[in-house]
Number of protein chains: 2
Amino acid sequence: MSRVLVIGCGGVANVAIRKCCQVSEVFTELCIASRTKSKCDKLAAELEGKTATKITTAQVDADKVEEVVALIKSYQPDLVMNIALPYQDLTIMDACLECGVNYMDTANYEPEDIEEPEWKAAYEKRCKEKGFSAYFDYTWQWAYREKFEKAGLTALLGCGFDPGVTQAYCAYAKKHEFDTIDTIDILDCNGGDHGYPFATNFNPEVNLREVSAPGSYWEDGHWVEIPAMSIKREYNFDQVGEKDMYLLHHEEIESLAENIPEVKRIRFFMTFGQSYLTHMKCLENVGMLSTTPIEFEGQQIVPIKFLKALLPDPASLGPRTHGKTNIGCIFTGKKDGKDKTYYIYNVCDHQECYKEVASQAISYTTGVPAMCGALMLLTGKWTEKGVHTVEEFDPDPFLDALDKYGLPRSENHNPVLVD
Amino acid sequence: MSRVLVIGCGGVANVAIRKCCQVSEVFTELCIASRTKSKCDKLAAELEGKTATKITTAQVDADKVEEVVALIKSYQPDLVMNIALPYQDLTIMDACLECGVNYMDTANYEPEDIEEPEWKAAYEKRCKEKGFSAYFDYTWQWAYREKFEKAGLTALLGCGFDPGVTQAYCAYAKKHEFDTIDTIDILDCNGGDHGYPFATNFNPEVNLREVSAPGSYWEDGHWVEIPAMSIKREYNFDQVGEKDMYLLHHEEIESLAENIPEVKRIRFFMTFGQSYLTHMKCLENVGMLSTTPIEFEGQQIVPIKFLKALLPDPASLGPRTHGKTNIGCIFTGKKDGKDKTYYIYNVCDHQECYKEVASQAISYTTGVPAMCGALMLLTGKWTEKGVHTVEEFDPDPFLDALDKYGLPRSENHNPVLVD
């Protein structure tokens, strides 16, 4: 019996909400709130009569702490699930603290305006201190640790697939498979094909940042930063096949390095098709990916926004995307004094996801873990107070829930390792 | 001693006018007219004191016959050189007829608005009759043949390099090298490098039409049309090296087929670099080459126009373009009963052109033949009345002029043939 406030009504929220409604015995009441209330109303109408969960909707501008506070005070939820853009993580955390309610999200805070002087100065300081230049990291949310602890509240950070499930895989490996872990390679493979020569699964600006930002990995106690897309590997993924993958910076590396202190190296790889990369490069070459407005016919136009208007709506890719994702972690380490390797991963089928929740696997693999994380908090499986990432909690009930609700694990005790 | 009216003040006109001013004994007076008089004034100011040619300028909207007529009546030229966009060929020809003055241009008429219903119907009829689908052809200008003949006037069509010099090469081969010509391959190679990942030498819309239009060639008395860019060859060009080239439709094939009736096959090849084609393809894939406006932030925006605003101004490429062009014709045929091959071509250096006339070789190779064609008409070397293409005139004085004024011929009596 619980009341949950979900902030956000995009692709991932859509999946998380539909999955919550499959577990009505826990999610008895749900309020869906976003800037555009009509989106929430539409989803609520679609779920009408199909779930025992009692759904209400609300309008909220999550950039404004006072609006979130007012909504929490009026709805009185047991948990706030932030499944909006990562730009609002801090304002929603502030509101949760003010109202004394638990918080969770699916992605690290990053600012909407990376040119904002005060933030930029803090970011540049952080780059120097930590040694990597990604815009997102835990600095801003870890600063809330003491506040949440003192308030006796839990903030669960980054409970999607990666970050999220990948960290639970690490906690699971540490708990059951290894005495000490030496290396972790997180492999995120999307073998889906939407049939367009070029389209992006997310906002193209976010996609661009991924491929144009320097990569970095953790080795021997410090970050190693490399030029964008400069480390490439091939890997033959179960149920997907051979794919090119590239080393990227990814947020969970940072918390894993802190929470598994003996680890010697942590890397993150994501697959990209050659056609996707070629299109990105050509668009970048002609200036179409620029975020700086240009004067055109008397208007100020931001090229990447115009490009976004030309590209297929990411939401329209669902029905046309075929193939599977395969995301997981490969470990090397020691158990009982012996060298050991272990690979734990999930394979998810785009079309099956679409049939179930009207979204393809990219949203599904983020939305389902969000629901399962909420389930852990609401059912008292995860109770630690303070600001925490997924690997800090017991992985067993979480992975059991994932097995049950659509993202079952696969294991391989003799995997091919990445060079 | 002659007065010449030049309509147009873009890249090619800039070269033609500067070259005319090197031959002041013929081009004694020149009026430069365009829609934007300030461009003409700027060029006139630059030439001030550097030439004996007396230069004046005028404003004219060449879409309007009456404006061109008024200008011709006031200036009283011996010849009108149309070096504006090919959209105005017909209005300027009408004005010349009305005023009784000779006419020349550098490119086939095509309409600015290819969706205009009356033109579109005529175009579709022509496609069926002739068997190729390029937008440009001689139909519209050849319809003026009788009018120019009756008026005792000459209209010289397409006197740039290709069309233009390539046809003079054909006339020369026919006059001096062969009794009968069996095949003609026109090879247009641009080995220039401007150092940008992507930029277009012309309006990108014109560039796009080139690579996205079906190719066609003349064989055994009829046109053969092929999918765009589907016939590719490699050729090792003198002073440029090995390049990929693609079979395109090109206007001079049509008149050559008429004027060299024994010819069995005429093809046109143009070189394109892989990077250029990849960028074009990616931009096309995302819809950036579309001419259909889309709604964006309350405005109607034509994607290809927005792209044009992002790309480097073609005029800015001149100082940065290095390398050479190589354009010419390879012939097979018979002389004195024996099989024979022959290649005649010009090699032109981008940087040398830029030093001489502040334009690179793309404009230079079109502007110099325009001046030389005007020279033929003004000095009485070419006197035939009616509407004619370059191969219908004596090639000898024209090629001599080209040798002298910057585009010297090279010859090879044992060339590598194209498959």
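In the text below, chain A, chain B and the rest are named by the order of the sequence lines, each starting its count at 1.
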Return yes when atom CD of Q274(A) has more than 12 non-hydrogen atoms of other residues, nucleotides or ligands closer than 6.0 Å, and no otherwise.
yes
Can you give me the closest heavy-atom contact between E297(B) and Q300(A), atom names plus distance?
OE1-O, 4.4 Å
Can you tell me how far the OG atom of S275(A) sits from the NZ atom of K281(B), to the nearest 0.5 Å?
11.0 Å
To the nearest 0.5 Å, how far apart are CE in M288(B) and CZ in F306(A)?
5.5 Å
Contact origin within L310(A) toward chain B - heavy atom pairs under 4.5 Å
both
Quick one: pull up CG in L307(B) and CG in L307(A) and give me the separation to the nearest 0.5 Å.
11.0 Å
Counting only non-hydrogen atoms closer than 4.5 Å, does P312(A) touch chain B with its backbone (N, CA, C, O), its side chain (CB onward), both, or neither?
neither
